[in-house]
Amino acid sequence: MDARFNLFENEIAAKFAKRFANAAMVVHQSPLPRSTQELVSLRASQINGCGHCIDLHTKEAAAAGESAVRLHLVAAWRESTVFTEAERAALALAEEGTRLADAHHGVSDETWAQVRKHYDDDRIAALVALVALINAANRLAVIVRQKGGSYEPGMYAAVLD
C-alpha cells in the first residue's frame, strides 16, 4: 500500500514540516543524551505502530553507535538488563505519555519521581517535549500511511535548510 499523501510535496505540509523539524532541533540540541532521545522515540513509535518512525529512529540510533542488542530489546525494556535506571525512567515516561488514553491519570507519580531522580530540569523539559513531538510525528506518518524501510540516516537534515 502506498502513502496516501506526500507531506513534503505540499506547500502547507512542507512549511509545517520545516517548523516541526525546527522544534525538534531544540530537543536534539538539548543536554538529554542522544541515545535516550532515540530510545524514547523508538519506543513511542513502536506503541503507535509507526513503521516510518521505527525505521527512522532505529537507523539514526544505529548510526549514532547504539547497539543492535539494545535496539532489539526496546520493546521489552522492562524484561531486559541492558538499560540504565535513567533510561528506564525515560522509557516509562515515554510509554505512559504515549498511552494517555489507557491510563486514568496519564503519567504516574512513581514514573515522574523516577524521572526527577535521574534528570535535571533541562533534560526533563527536553524529554517531555520529545514525547509530545514523537507522538505528533507518529500520528502524521500513520495518518498518511508513510511506510518504513526506505529511510537513510541524516535524510531529513535538508528539511532544516
Sequence neighbours left out, what passes salt bridge (charged side-chain N to carboxylate O under 4.0 Å, His left out) with Glu11? Give chain and number order.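 Testing Glu11 for salt bridge (charged side-chain N to carboxylate O under 4.0 Å, His left out), a comparison that skips the adjacent residues, returns Lys15.
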
Would you say the side-chain atoms of [X] and [Y] include a donor-acceptor pair closer than 3.5 Å?
| X | Y | result |
| --- | --- | --- |
| Glu85 | His118 | no |
| Thr111 | Glu96 | yes |
| Arg43 | Gln46 | yes |

Are [X] and [Y] close enough that some pair of their side-chain heavy atoms sits under 4.5 Å apart?
| X | Y | result |
| --- | --- | --- |
| Leu140 | Phe16 | yes |
| Arg70 | Glu38 | no |
| Trp112 | Ile124 | yes |
| Val69 | Leu73 | yes |
| Val40 | Glu87 | no |

So, are Glu60 and Arg34 salt-bridged, with charged N and O less than 4.0 Å apart?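 A salt bridge links Glu60 with Arg34.
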
N-O pairing of Asp109 and Arg116 below 4.0 Å: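 No, no charged N to carboxylate O under 4.0 Å.
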
Qualifying ring pair (Phe, Tyr, Trp, His ring centres under 6.0 Å) pairs with a residue from residues 73-93, counting only residues at least two apart or across chains: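 Sorted result for residues 73-93: empty, none.
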
Val26: hydrophobic cluster co-members (side-chain, 4.5 Å):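 Hydrophobic cluster check, Val26: no partners found.
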
Under 3.5 Å, side chain of Asp55 to main-chain N/O of Tyr151, donor-acceptor pair present?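 Here the side-chain-to-backbone pair exists.
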
Might you point out which heavy atoms bring Tyr119 and Ala86 nearest each other, and give the distance in Å?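 Smallest heavy-atom distance, with atoms named: OH-O, 2.8 Å.
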
Shortest non-hydrogen contact between Thr58 and Leu71, atoms and distance: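 Of all heavy-atom pairs spanning Thr58 and Leu71, the closest is O-CD1, 3.7 Å.
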
CG-CD distance between Leu39 and Glu66, expressed to the nearest 0.5 angstrom: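 With rounding to 0.5 Å, CG (Leu39) is 5.0 Å from CD (Glu66).
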
Decide yes or no on side chain to side chain contact (heavy atoms under 4.5 Å, CB included) for Arg123 and Ser30, but give the supporting numbers first. CA-CA 7 Å; Arg123 287 170 180 82; Ser30 77; over 6 Å; no

Would Leu91 end up clustered with Val115 when hydrophobic side chains under 4.5 Å apart are linked, directly or stepwise?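 No, separate clusters.
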
